[in-house]
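Each remark here refers to the structure printed beneath this line.
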Protein chains: 2
Amino acid sequence: MTVDSETGTRGRTRKAILDAAIRVLAADPSASLGQIADAADVGRTTLHRYYPDRAELLTSVMQEAGRRLGDAAVRARLDEGTGLDAILRACQTLLQLGDLLTLMFTEVVSIDTCGPEHGFSQSLDDACARGLADGTLDTRLSPGWLQGILWSSLYLGWSELREGTTPPHDVVSQLLLTVRKALAAPGE
Amino acid sequence: MTVDSETGTRGRTRKAILDAAIRVLAADPSASLGQIADAADVGRTTLHRYYPDRAELLTSVMQEAGRRLGDAAVRARLDEGTGLDAILRACQTLLQLGDLLTLMFTEVVSIDTCGPEHGFSQSLDDACARGLADGTLDTRLSPGWLQGILWSSLYLGWSELREGTTPPHDVVSQLLLTVRKALAAPGE
DNA sequence: CCTATCTGGAACATCAGTGTTCCACTGGAT
DNA sequence: ATCCAGTGGAACACTGATGTTCCAGATAGG
């Protein structure tokens with residue numbers, strides 16, 4: 001029995017609840033704890049055993065978001081290559097966040113509030129600055145706008161994916177094509 | 001005294017409530033009727049006098065959205081010029097919908113449910129088809145994706161506008177530039 | 001098998017939002 | 001001055017979500 005983090009049954013139950021919360025809240029930000037408990041295949045009592053408050057559950061969702069965002073940042077290797085390439089890599093990696101994208105976009109979870117220490121925002125800022133300097137990004141667009149395009153396109157892509165009507169590969173290729181066209185410097 | 005629609009005091013009160021509802025619900029989709037009444041500078045009792053249900057209020061918001069969307073469609077003259085130009089005109093016109101964009105995007109109000117008779121969706125579909133045929137739109141992108149880009153960029157633009165940190169003119173120019181770059185055919 | 005742990009349901013108090021009714025007040029029109 | 005439509009507040013019942021407690025059944029692990 002480890003001293004700190006949970007193992008076995010408890011750990012699995014806690015994860016099931018957290019996953020259900022992300023899934024259900026993405027579909028309906030004002031979903032009740034009962035709905036979340038149902039989705040997790042768990043009694044409402046059990047949910048309260050793990051997360052006494054709705055607030056504590058949301059906090060845990062934010063922390064989980066921060067963790068996955070941090071992982072994404074590492075996997076995207078935002079500090080390598082040109083700014084544009086880094087951003088396109090970020091696109092592909094972030095798309096895998098799935099429902100978390102919805103939560104971040106609907107501000108159930110704020111990108112910056114969910115744990116600034118993951119350093120994702122900073123890495124992305126750096127990639128933008130690098131791209132504007134190395135001539136791969138369109139200098140007529142402000143850094144804030146560039147990132148806005150990234151996030152909103154990402155959200156669009158995830159919406160299509162979730163819909164399920166477009167094959168995943170087509171979504172990814174249209175997403176990358178769009179972001180590249182929108183953000184690339186004119187001459188490029 | 002007209003027979004049908006309200007005039008004078010009642011008409012003004014009804015409009016104040018409707019406007020407040022759009023404003024408040026855009027900021028918080030699950031806002032209480034009390035908050036909306038406060039924002040409209042009206043007692044909660046009065047709100048119920050005009051809109052007996054929350055449901056009826058939402059229905060009226062949808063109808064209002066349909067009306068304004070219809071107006072936008074007319075003003076954008078979607079059936080004139082090339083497909084790309086029509087879409088860029090749509091961008092500028094739709095940006096003026098303001099908070100309604102937020103409501104449509106967060107699906108408090110669905111674009112198609114809010115009154116399909118306004119014909120906006122149809123006109124936009126037509127403009128896309130025209131653009132794909134006349135060579136002004138990128139044929140590598142599906143019609144659904146093209147419109148998705150339009151809406152999500154629009155939402156981004158409105159977010160920046162609402163924020164108030166970027167001058168309106170800059171928002172419009174970045175928006176048009178982005179949409180044009182993203183949607184235009186490669187050779188264009 | 002047996003025990004410690006984990007679980008789900010029932011019951012409960014609490015609270016906020018909703019929708020209703022009633023009444024007193026205001027301001028403008030006659 | 002006197003109507004009177006329009007208004008806002010107080011009070012009420014009702015509902016659904018929340019958080020708590022308690023207990024009986026299930027389950028894992030020795």
Side-chain angles (χ1 to χ4, degrees), chain A residues 1-64 102-103 106-109, chain B residues 1-64 102-103 106-109:
Chain A
M1 184 69 81
T2 61
V3 193
D4 183 21
S5 71
E6 290 161 331
T7 334
T9 307
R10 281 194 69 86
R12 246 173 291 128
T13 305
R14 168 162 260 126
K15 177 164 165 39
I17 296 176
L18 201 55
D19 287 347
I22 292 174
R23 189 161 13 103
V24 173
L25 289 177
D28 174 14
S30 62
S32 74
L33 297 181
Q35 291 174 260
I36 296 175
D38 284 351
D41 239 333
V42 143
R44 195 166 62 88
T45 311
T46 303
L47 188 151
H48 275 108
R49 231 186 297 272
Y50 286 82
Y51 303 97
D53 277 344
R54 174 177 254 269
E56 288 208 30
L57 177 57
L58 288 186
T59 302
S60 291
V61 169
M62 288 208 296
Q63 289 173 347
E64 178 67 14
T102 309
L103 291 184
T106 55
E107 289 179 352
V108 173
V109 159
Chain B
M1 184 71 77
T2 60
V3 194
D4 184 17
S5 72
E6 289 161 331
T7 335
T9 307
R10 281 194 69 86
R12 245 172 293 125
T13 305
R14 170 162 257 126
K15 177 163 164 40
I17 295 175
L18 202 55
D19 288 347
I22 292 173
R23 190 160 14 102
V24 172
L25 288 177
D28 173 14
S30 63
S32 75
L33 296 181
Q35 290 174 259
I36 296 176
D38 285 350
D41 240 330
V42 143
R44 193 165 63 87
T45 310
T46 301
L47 189 149
H48 276 109
R49 228 186 300 272
Y50 286 82
Y51 303 98
D53 279 341
R54 172 177 255 269
E56 288 209 30
L57 178 57
L58 287 186
T59 301
S60 292
V61 169
M62 288 208 296
Q63 288 173 347
E64 177 68 13
T102 309
L103 290 184
T106 55
E107 289 178 352
V108 172
V109 160

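Letters A, B, ... are given to chains in the order of the sequence lines, protein chains preceding strands, and every chain is numbered from 1. Hydrogens, waters and symmetry mates play no part in the numbers below; they use all other heavy atoms, side chains included. Remember, predicted model here, so these are calculated numbers, not experimental data.
If you find the closest nucleotide of DNA chain D to B:Thr45 and to B:Arg10, the one lying nearer the 5' end belongs to B:Arg10.
Using a 4.0 Å heavy-atom distance criterion, A:Ser32 is classed as a sugar-phosphate-only contact. Nucleic acid contact class of B:Arg49 (heavy atoms, under 4.0 Å, all strands): base. At the heavy-atom level, A:Asp41 lies under 4.0 Å from the strands shown only through sugar-phosphate atoms.
Summarising the geometry of B:Thr46 relative to B:Ile17, their closest heavy-atom pair is O-CD1, 4.5 Å, with the distance given to 0.1 Å. In this structure, A:Ala40 and A:Ala16 approach most closely via the heavy-atom pair CB-O, 3.8 Å.
When the C1' atom of D:dG6 is taken as reference, atom CZ of B:Arg12 falls 12 Å away, rounded to whole Å. Remark: P of C:dG8 and CG of A:Asp38 are 11 Å apart, rounded to the nearest angstrom. The distance from atom NE2 of B:His48 to atom C1' of D:dG6 is 17 Å, rounded to the nearest whole Å.
The stretch residues 51-59 of chain A has no heavy atom under 4.0 Å from DNA chain C, so no residue of it qualifies as close.
Here CD1 of B:Ile22 is found 10.5 Å from CD1 of B:Ile36. Values are rounded to the nearest 0.5 Å. Between B:Arg49 atom CZ and B:Arg44 atom CZ the span is 12.0 Å, to the nearest 0.5 Å. One distance of note links CG of A:Leu18 with OG1 of A:Thr13; it measures 12.5 Å at 0.5 Å rounding.
Electrostatic pairing of B:Arg23 and B:Asp19 does not count as a salt bridge here, judged by no charged N lying under 4.0 Å from a carboxylate O.
The phosphate of D:dG6 (OP1 or OP2) has no side-chain N or O of B:Thr9 nearer than 4.0 angstrom. Side-chain nitrogen and oxygen atoms of B:Tyr50 include at least one within less than 4.0 Å of the OP1 or OP2 phosphate oxygen of D:dT7. Remark: B:Thr13 is in phosphate contact with D:dT7, judged by side-chain N or O atoms under 4.0 Å from OP1 or OP2.
Put simply, the side chain of B:Arg14 gets close to the backbone of B:Tyr50: a donor and an acceptor are under 3.5 Å apart.
Checked against C:dT18, C:dT7, D:dT7, the side chain of B:Leu33 finds its nearest nucleotide in C:dT18.
Side-chain to base pairing of B:Arg44 with D:dG9: no donor and acceptor N or O lie closer than 3.5 Å to each other.
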